[in-house]
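Order of the sequence lines sets the chain letters (A, B, ...), proteins ahead of strands, with each chain counted from 1.
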Amino acid sequence: MRKAFCDAMVARGQDERFVFLTGDLGFMALEPLKAAIGERFINAGVAEQNMVSVAAAMCLTGLDTWVYSIAPFCTARPFEQIRNDVALHGLPVRIVGNGGGYGYGVMGPTHHAIEDYGSLLTLTGLQACIPAFDEDVGEAVRQLADLPAPVYLRLGRGEGPAGYVAPPFQPWRQLLDGQGPVMVVAGPLVGPLLAPLMALPEARRPRVWVVGMLPIEQHLPPPALLAQLASAGALLTVEEHVARGSMASELVLHLAARGLVPPRFQALHARAARYEHYGSQHWLREQSGLDPRAVLAALQSLEPSPSESP
Amino acid sequence: MTPVTPALVERARQRLLRMHFDSGVGHIGGNLSCLDALLVVFHECLGERDRFILSKGHAAGALYVTLWTLGRLDDAALATFHKDATLLPGHPPCGGHADIPFATGSLGHGLSLAAGTALGEHLQRRDTRVICLTSDGEWQEGSTWEALIFACHHRLEQLTILVDHNRLQGFGSTEEVASMSPLWTRLQGFDVDLQVVDGHDAEALRQALAQPPAGRPRLVVMNTIKGHGVPFMENRMEWHYLPLTPELFASLPTTGDAA
C-alpha cells in the first residue's frame with residue numbers, strides 16, 4: 001500500500017498546510033513525496049517520541065500533520081506522546097503505521113504490530129483506519145481529511161484475488177454474500193481469504209464483511225449486517241491483532257448490549273506472540289490460524305448441528 | 001510590557017505560598033525556584049502571538065500565579081487550585097486557559113512541543129517566539145535530548161529553552177541520582193546559544209532573553225535555589241513535596257496585598 005499511500009500524500013501535499021514527518025523511514029517509497037513538498041517533508045530522525053510531540057504542536061499551530069513509521073515504532077514507542085500530546089488535546093494528527101499485523105514477518109517480533117489499534121483505541125477520541133486493498137488508500141485518506149479527531153492509519157499489503165475490484169472504501173463493506181455465517185474481517189487479511197470463500201457453494205458461503213474504521217461505537221455495523229446475523233445465527237471474526245483490545249471484543253460488546261450476539265460465535269486472532277520460530281507474514285498467519293484453511297475449518301465448526309438445521 | 005520589580009516578585013511569592021497553603025498541597029520548592037523567570041518571561045518577553053510551554057508541569061502554581069499578576073487569572077480562580085471541579089489542577093490542564101497551550105506534567109514532553117510549535121509557526125511564516133521551561137532533572141528523560149537534537153538540527157532560533165537548575169529532584173540531588181554535573185558542559189556540545197545566569201537575578205534573565213536571535217536555539221541554564229525566598233525551604237529536597245503547616249505558614253512574612 002506504500003505506493004498508493006505516497007500518491008495520496010502527494011495529492012494532499014498541494015495544500016500548503018500539509019506537513020509530513022517520518023521517523024527516518026520511507027526509502028524507495030516516499031521520495032516522490034519528499035520531492036513534491038520540500039521543507040514540509042521532515043525526517044525527524046530515529047526519535048519517535050519527539051516526532052509525535054512535534055507533530056501535535058505543529059497541528060495546534062494550524063497544520064495538517066501526518067506522522068509515519070513502521071507501525072510499532074509510531075504506536076508502541078511513543079504511546080505516552082500520543083496519549084498526552086495528541087489524544088488528550090483532541091488534535092487531528094494522523095499517525096501512519098506501515099506493516100500492520102505481521103507485515104514485517106521474518107524481520108522479527110519487534111517489527112510486528114498486533115496490539116496496535118487495540119491499545120490506541122483506549123485513548124479518548126482516537127479512531128483507527130484499516131484499508132483492506134491498495135485501491136482503498138486514496139479514498140481512505142480523502143475520508144480522513146475532515147475528521148476532527150486523531151487517527152491511526154494502519155497500512156498493510158493489499159492481496160485481493162487477481163482482477164478483483166473491491167467496492168469503494170467505507171467503514172463497513174460487504175464483499176461476499178451467501179447463506180453461511182456472517183464473517184467480519186479487519187483490513188487486508190480479507191484479501192487472501194476471498195478466493196477460497198468465493199469457491200464455496202452458496203449454502204455454505206459466508207456473508208463476508210470487511211471493517212475499515214474503528215472504534216465500533218463510532219462506526220456502527222450497518223442494519224444489513226445485523227439482519228444477516230439474526231438469520232445466520234453465527235458470527236466469525238478474523239483479524240491480525242491479539243484478542244485483547246480486538247475488533248471482535250468491541251463488536252461483541254456492542255452486540256451484547258443490544259441482545260444481538262448470535263448463538264454460534266468464534267473469533268480468530270493473532271496468536272504468534274510467544275515466538276519460538278519466525279517466518280513470513282503468510283507463515284505467521286498460518287501459525288495464528290488466520291490462513292484460508294483455518295478460516296474454512298472455523299466456518300465449518302459454526303455450521304448448525306443437524307438438529308438445528310431447517 | 002512592564003519591568004519585573006522586587007516588589008512584584010515578592011507579591012507573587014506571597015500569593016503562591018498562600019495558594020498552596022489554602023489548598024494544602026506541595027511542590028512549593030520547585031515553584032519558587034522558577035518564579036522569577038516566569039515573571040520576567042510573561043511580563044517582559046512574550047508578545048501577543050508568542051507561546052510559553054511549561055515542561056516542568058509541577059510548577060503549575062508558579063504559572064497560575066504569574067498569570068494572576070497579569071490579571072489573566074483572578075483570586076476566585078486561584079481559590080479553586082487543586083480542588084474538585086477546578087480548571088487549575090496540580091499540573092497544567094488542556095483546554096483550560098488560553099495561555100496554557102498544552103497539558104504537561106509527565107516530564108520530557110515540553111521541549112518537543114515547543115520545538116514543534118516553533119517549526120510549525122516558522123513554516124507558516126509567522127514570527128512567533130516560543131519559550132520552554134524545563135527542570136534540570138528532566139534532562140534525564142531521553143525524549144528531552146531527542147527534542148534538543150531536533151531543535152538544533154532545524155536551527156530553531158525562535159526557540160528559547162530555560163533550565164531551572166535547582167539541583168534537587170524527587171528523591172535526591174541531581175548529582176546523586178544521575179549526575180550530569182556540570183549540566184552546561186553537556187549542553188555546550190550542541191549547537192545552541194548557551195548562556196548561564198543567576199535565575200533569581202531579573203536583570204540577568206532580562207539580558208539573556210533579550211539577545212537578538214542567533215541562528216540557533218537559545219538555551220539558558222538558570223542557577224536557582226529550590227524554595228527560593230523562604231529560608232526554611234531553601235535547598236531542601238523535602239520541599240519538592242511537603243505542604244505548609246499552619247505553624248509554618250503563620251511564620252512567613254506577609255506583604256499584605258497577596259490576597
* **Full working for side chain to side chain donor-acceptor pair (under 3.5 Å) between A/Glu80 and B/His109** => CA-CA 9 Å; A/Glu80 191 186 63; B/His109 289 241; 2.5 Å; yes
* Excluding sequence neighbours, so at least two apart, what forms salt bridge (charged side-chain N to carboxylate O under 4.0 Å, His left out) with B/Asp50? -> none
* To do: Evaluate the side chain to side chain contact (heavy atoms under 4.5 Å, CB included) criterion for residues B/Leu113 and A/Asp85: first the C-alpha distance (whole Å), next the side-chain angles of each, then the deciding distance (0.1 Å), finally the verdict.
  => CA-CA 8 Å; B/Leu113 294 169; A/Asp85 303 332; 3.8 Å; yes
* **Counterpart residues, ring-ring contact (aromatic ring centres under 6.0 Å, His included), relative to A/Tyr278 (two or more places apart)** => A/Tyr275
* Asked: Is it the case that more than 12 heavy atoms not belonging to A/Arg83 sit under 6.0 Å from its CZ atom?
  -> no
* Taking all non-hydrogen atoms of both residues, which atom of A/Val54 and which atom of B/Ala115 are closest, and how far apart? -> CG2-CB, 4.4 Å
* To do: Side chain from CB out, backbone as N, CA, C, O: work out which of these in B/His154 comes under 4.5 Å of a heavy atom of chain A, or both, or neither.
  => side chain
* side chain to side chain contact (heavy atoms under 4.5 Å, CB included) assessment of B/Phe102 paired with A/Asn84 -> CA-CA 9 Å; B/Phe102 289 102; A/Asn84 290 10; over 6 Å; no
* Asked: For the candidates B/Ile53, B/Leu111, B/Thr117, which exhibits the highest count of non-hydrogen atom pairs separated by less than 4.5 Å from chain A?
  -> B/Thr117
* Structure fact -> Those residues at least two apart in sequence (or on a different chain) that pass salt bridge (charged side-chain N to carboxylate O under 4.0 Å, His left out) with B/Arg216 are B/Asp191
* Structure fact -> Separation between CZ (B/Phe150) and CG (A/Leu21), nearest 0.5 Å, reads 6.0 Å
* Exceeds 12 heavy-atom contacts within 6.0 angstrom, atom NE2 of B/His153 -> no
* Asked: Counting heavy atoms not belonging to A/Lys3, are there more than 12 under 6.0 Å from its NZ?
  -> no
* Asked: Which residues, numbered in order, of residues 120-149 of chain B come under 4.5 angstrom of chain A by heavy-atom distance?
  -> B/Gly120, B/Glu121, B/Leu123, B/Gln124, B/Arg125, B/Arg126, B/Ser143, B/Glu146, B/Ala147
* **Straight-line distance of A/Leu88 CG to B/Cys94 SG, nearest 0.5 Å** => 5.0 Å
* So with a 6.0 Å cut-off around CE of B/Met237, is the heavy-atom count from everything else above 12? -> yes
